Amino acid sequence: MTSSGPAPATGVRVLVVDDQRLIRQGIASLLAIQEGVDVIGTAANGQEAIEQALALSPDVILMDIRMPLMDGVEATATIGRRLPACQVLMLTTFDDEEYIVKALRAGARGYLLKDIPAADLAQAIRLAHAGIYQLDPAVAGKLVGVLNRADSGAATAAGEAALPYPPPQALTERELEVLRLIAQGATNREIAARLVVSEGTVKNHVSNILSRLGLRDRTQAAIYARDHHLI
């Protein structure tokens, strides 16, 4: 009788990236017993993460943020360009505001801290795969603080210059209205009701906004709106 080889992955395919071997292996082992999650590989730094992602095509990558050779932010941005269907979740011990904002701007689908229970981490992975953002409560609070300071004009000139995006003038008046509502947390249905248009029209506006500004998703759009004092 010939061997049929390993069984194919049936859950969300996950790549674990962390420069500390024990942590990397520990996370992989904990996830291995969680329903609906299949760890298909690990990597020790950003460069390895990109190589493994291209070779394995994971659904979700758990990415540490501070690593040698290439950090998680740079790796996330590269993976987002080369594998747009792959979702990256930052999983780190660092809750610095600078890291949080950089990670989200790079395209991370969420930002979690390593003290998260294994079952909650597995659920976060499943939700990220479904396109839902995941933020640790402590991280969410800090992000709100960052956005509030930006809204009150406290952003530094260096921070403003670091944004490689077109100016708001690239959008039509209606697109600016939609962008402002996105930044306020409105759903497509709520925006459609507010502007008295169809949800399909709103979806087209959102797609145009992201395309014209070079943004990946609604969270980046909300940060853009705050950074450019549109709300």
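Just so you know, these numbers come straight off a predicted model, no measurement behind them.
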- Item | Residue from N188, L179, I209 passing side-chain contact (heavy atoms from CB on, under 4.5 Å) with R218 | N188
- Item | Carboxylate-amine/guanidinium proximity below 4.0 Å for E177 and R180 | no
- Item | Note: E175-R212 ion pair, threshold 4.0 Å (strictly below) | yes
- Message: Can you pull out every side-chain hydrogen bond (donor to acceptor under 3.5 Å, both in side chains) where at least one residue sits in residues 109-132? Sequence neighbours excluded, please.
- Response: D18-K114, Q87-R109, Q123-R126
- Could you go step by step and tell me if Q220 and L104 meet the side-chain contact (heavy atoms from CB on, under 4.5 Å) rule? CA-CA 7 Å; Q220 284 194 340; L104 295 177; 5.9 Å; no
Main chain of [Y], side chain of [X]: is a donor-acceptor contact present, judged purely on distance under 3.5 Å?
| X | Y | value |
| --- | --- | --- |
| E48 | A44 | yes |
| T201 | V197 | no |
| S211 | S207 | no |
| D59 | R13 | yes |

Find out if a path of hydrophobic residues (ILVMFWY) with successive side-chain heavy-atom gaps under 4.5 Å connects [X] to [Y].
| X | Y | value |
| --- | --- | --- |
| V17 | L31 | no |
| I100 | L113 | yes |
| I116 | V37 | yes |
| L15 | L112 | no |
| V16 | L89 | yes |

- List the steps, then state whether side-chain contact (heavy atoms from CB on, under 4.5 Å) holds for D38 with V14. CA-CA 6 Å; D38 291 300; V14 179; over 6 Å; no
Minimum heavy-atom separation for [X] and [Y], please, with both atom names.
| X | Y | result |
| --- | --- | --- |
| D71 | I65 | CB-O, 3.2 Å |
| V39 | A28 | CG2-O, 3.9 Å |
| D64 | M90 | O-CE, 3.8 Å |
| A118 | L30 | CB-CB, 4.2 Å |
| I79 | I50 | CG1-CG1, 4.0 Å |
| G72 | M63 | CA-CG, 3.7 Å |

- Query: Taking it one step at a time, do R194 and E190 satisfy salt bridge (charged side-chain N to carboxylate O under 4.0 Å, His left out)?
  - Reply: CA-CA 6 Å; R194 179 79 171 269; E190 292 168 340; over 6 Å; no
Do [X] and [Y] touch side chain to side chain, with heavy atoms closer than 4.5 Å?
| X | Y | result |
| --- | --- | --- |
| L62 | V88 | no |
| I61 | C86 | yes |
| V202 | L195 | no |
| N45 | D19 | no |

- Query: Considering residues, nucleotides and ligands other than E199, do more than 12 of their heavy atoms fall under 6.0 Å from its CD?
  - Reply: yes
- To the nearest 0.5 Å, what is the distance between CD (Q47) and CE (M67)? 10.0 Å
- Query: In Å, rounded to the nearest 0.5 Å, how long is the span from CG of L210 to OH of Y224?
  - Reply: 11.5 Å
- Query: Is there a side-chain contact (heavy atoms from CB on, under 4.5 Å) between R105 and I223 once you walk through the steps?
  - Reply: CA-CA 8 Å; R105 283 178 173 156; I223 293 174; 3.7 Å; yes
